[in-house]
Amino acid sequence: MKRWIFLPMALLAGAALAQVAGSGVYTDEINGFSLSPPAGTERVRETNPRRLVAWQKRDDKTQAVVWTLDVLKLRTDASATSQPFATRAEVAAQQLRQDRFMTEDPILGTTAGLPSADYRGEWKGVVSLWRRQTWIQSGPTEYLILDISGPMDLKDEMDRTLTLVNSSLRIFDPQAAQAQRRATLQRGGELLEHVKLETIKPVLSPQPYYFSLTLDNRTIGAIKITESIAQRSGATGLLILRSGVIRMPGQPRRLSREELFATPDRVSESWKREYIEGEGPTANRFTIEAVKQEEMIVVTTSDERQPVRQKKIPQTLLGPYLPQAFDLILPRLLDRQIKQAYGFAMYSGAANDFDLRTMTVIGPANMQTSAGATPVVHLTDQATADSAPANVWVDASGNTVQARTAEGLVLLRVTAAEANGLFPADMAELGALESKAPAAPAPAAPDKATPDKKDKKAK
């Protein structure tokens, strides 16, 4: 199965396929640290109880993983703190050697202003890898460990990479950050609690609307969006139809078509996404369908390796849980007159977990257009903890006029004629797919007797 990487910014999720990773700052408010991920890497979304977070670098041609950076946390015996730090570093080195990490003598220093020990050497397993670990004493009995490993011939690249990541590392008391996040999520939950059918109807666009996508001043895509009130399985709610084309230089053409549905009370939700990579009979097709009832989400895909997944929304995230369909109209629902941040929990299919998204009202601004200065409201939209916030400008009604990401991707409101003129054959093909598509049936309701047993606190 092809890997699809989405930019989950408002109005872009599922439509623009961003191949940029390692941008922004990753912040872990639970464990109290932040760092800049390595450039040109992607975050590993699969969960692992041994690590807090990880990134991996892929070969440009083969897409094989060439090296991985893990962030780990280790708690030690309290009696060990009575020993000098240098002694503890040497004891750790001896233990690492027993674990087949043929480390050189540890290099003592400071990282993020705290005592640290650096271990470099060869790890001998099924294959030999070069490895470097930086152990930072983040608490009396706690160590934060940054661990990078890969083939021996890339040791200089990995060494430079970890040095850069170490220089960006910040360690802080998580209590203040957690309190701020709780307040932000509470504000988002209170906003969603007051959403009714009567509040959604007036803000919907009566006609389809369109966007162009540019990257580094090159037009790479176009998007069409239709909003309405509809019924699914007897429930009335918001229905979003979104289709788009992406043509990145040197990459296969990509088409996407989505149906996103949610009731105003967020009790019932479903979505279907169809993707086509390439053209003609050899094109690759991928489908995702999902349904949410109460607190359970069940996802089915055309990926034979993992065709069905399900996830229970933790009680702490039920209030700020944001349906996929609400993503598009979110700027129209919040108070754009007051500078403040709203936090939401959004389901991520890649991780089968929840990303914490923050939308912040910055304030009024003017945007230069062909008609002159146009009054707008400036927002920022941070989709995940390790993504740089996107800048979004909306009109007086909260409709997106333009959005820009840190990677240079620009979303611009255009007319139907302009959008269709960018990629006429692709937009016509999407129109044909849309006209043939039947109303998406709701997938089978989840089995509440078999909830996800590995619910964990979202990071």
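- Between Glu274 and Arg257 there is a salt bridge, since at least one side-chain N of the basic residue sits less than 4.0 Å from a carboxylate O of the acidic one.
- Proximity of a side-chain donor or acceptor of Lys292 to a complementary backbone N or O of Arg266 within less than 3.5 Å is detected.
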Could you pull out all donor-acceptor pairs under 3.5 Å where a side-chain atom in residues 414-422 meets a protein atom, sequence neighbours excluded?
| from | atom 1 | to | atom 2 | distance (Å) |
| --- | --- | --- | --- | --- |
| Thr415 | OG1 | Glu418 | N | 3.1 |
| Thr415 | OG1 | Glu418 | OE1 | 3.3 |
| Glu418 | OE1 | Thr415 | N | 2.9 |
| Asn420 | ND2 | Ala416 | O | 3.0 |

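- Lys73 pairs by the side-chain hydrogen bond (donor to acceptor under 3.5 Å, both in side chains) definition with Asn31, not counting sequence neighbours.
- Here Leu411 contributes atom CG and Leu213 contributes atom CG; the two are 5.5 Å apart, rounded to the nearest 0.5 Å.
- Distance check, rounded to the nearest 0.5 Å: CD1 of Ile362 to OG1 of Thr380 gives 4.0 Å.
- In this structure, the side chain of Asp70 does not engage the main chain of Leu72 through any donor-acceptor pair within 3.5 Å.
- For the residue pair Trp67 and Ser149, the shortest heavy atom distance occurs at CB-O, 3.1 Å.
- Using bins of under 30°, 30° to 60° and over 60° for the plane-to-plane angle, the ring pair Phe33/Tyr26 lands in the tilted bin.
- Partners of Gln186 by side chain to side chain contact (heavy atoms under 4.5 Å, CB included), not counting sequence neighbours, listed by chain and number: Glu190.
- Closest heavy-atom contact between Thr161 and Pro38: CG2-CB, 3.7 Å.
- Under 3.5 Å, the side chains of Tyr209 and Glu227 contain a donor-acceptor pair of N or O atoms.
- Applying the side chain to side chain donor-acceptor pair (under 3.5 Å) definition to pairs two or more places apart or across chains, none involves residues 210-222.
- Shown are Val71, Thr111, Leu146; of these, the side-chain contact (heavy atoms from CB on, under 4.5 Å) with Val165 is made only by Leu146.
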For Asp327 and Arg357, run salt bridge (charged side-chain N to carboxylate O under 4.0 Å, His left out): C-alpha distance rounded to whole Å, both residues' side-chain angles, the deciding distance at 0.1 Å, then the answer.
CA-CA 10 Å; Asp327 171 47; Arg357 173 180 173 184; 2.4 Å; yes
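- Within a 6.0 Å sphere centred on CD of Gln180, heavy atoms belonging to other residues, nucleotides or ligands number 12 at most.
- Taking Asp335 as the reference, nothing meets the side-chain hydrogen bond (donor to acceptor under 3.5 Å, both in side chains) condition, with sequence neighbours excluded.
- Annotation: the span from Glu259 atom CD to Ile240 atom CD1 amounts to 11.5 Å, rounded to 0.5 Å.
- Taking CH2 of Trp135 as the reference point, atom OG of Ser116 lies at 12.5 Å (rounded to 0.5 Å).
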Check the pair Lys224 / Leu430 against side chain to side chain contact (heavy atoms under 4.5 Å, CB included), numbers first and verdict last.
CA-CA 9 Å; Lys224 175 186 177 183; Leu430 284 168; over 6 Å; no
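- We find that Arg247 and Asp426 are joined by a salt bridge, their nearest charged nitrogen and carboxylate oxygen being less than 4.0 Å apart.
- Distance alone, capped at 3.5 Å, places no donor-acceptor pair between the Arg43 side chain and the Trp55 backbone.
- Nearest heavy-atom pair across Phe211 and Thr400 is CE2-O, 3.6 Å.
- Residues satisfying the salt bridge (Lys or Arg N to Asp or Glu O under 4.0 Å) criterion with Arg336, sequence neighbours excluded, are absent altogether.
- Pro375 and Asn366 make their closest contact through CA-OD1, 3.6 Å (heavy atoms, listed as atom of the first residue, atom of the second, distance).
- Heavy atoms only, all atoms of each residue included: Gly319 and Leu192 are closest at O-CD1, 4.1 Å.
- With rounding to the nearest 0.5 angstrom, the OG atom of Ser243 is 9.0 Å from the CG atom of Leu433.
- With sequence neighbours excluded, the residues forming a side chain to side chain contact (heavy atoms under 4.5 Å, CB included) with Ile229 are Leu197, Ile200, Lys201, Leu204, Thr236, listed by chain and number.
- Under the side-chain hydrogen bond (donor to acceptor under 3.5 Å, both in side chains) criterion, Trp130 pairs with no residue at all, not counting sequence neighbours.
- Asp159 meets the salt bridge (Lys or Arg N to Asp or Glu O under 4.0 Å) test with Arg120, Arg132; sequence neighbours excluded.
- Remark: the backbone N or O of Asp59 is not paired with any side-chain donor or acceptor of Thr62 at under 3.5 angstrom.
- Although no hydrogens or angles enter the test, the distance criterion places a donor-acceptor pair under 3.5 Å between the side chain of Arg332 and the main chain of Val203.
- Panel note: side chain Ser302, backbone Thr287; a donor-acceptor pair is recorded below 3.5 Å.
- Atoms CG and CD1, from Leu238 and Ile329 in turn, are 5.0 Å apart once rounded to the nearest 0.5 Å.
- With sequence neighbours left out, Trp393 forms a ring pair (Phe, Tyr, Trp, His ring centres under 6.0 Å) with His378.
- Checked by atom type and distance alone, the side chain of Thr263 pairs as donor or acceptor with a backbone atom of Ser268 at under 3.5 Å.
- At least one donor-acceptor pair closer than 3.5 Å links the side chain of Gln178 to the backbone N or O of Glu29.
- Side chain to side chain, Tyr347 and Asp355 fail the donor-acceptor criterion of an N or O pair below 3.5 Å.
- Judged as a side-chain hydrogen bond (donor to acceptor under 3.5 Å, both in side chains), and not counting sequence neighbours, the contacts of Asp147 are Arg131, Gln133.
- Using a 3.5 Å distance cut-off with no hydrogens or angles, the side chains of Asp118 and Thr134 do pair a donor with an acceptor.
- Take Arg170 and apply the side chain to side chain contact (heavy atoms under 4.5 Å, CB included) test, not counting sequence neighbours, and it matches Ser34.
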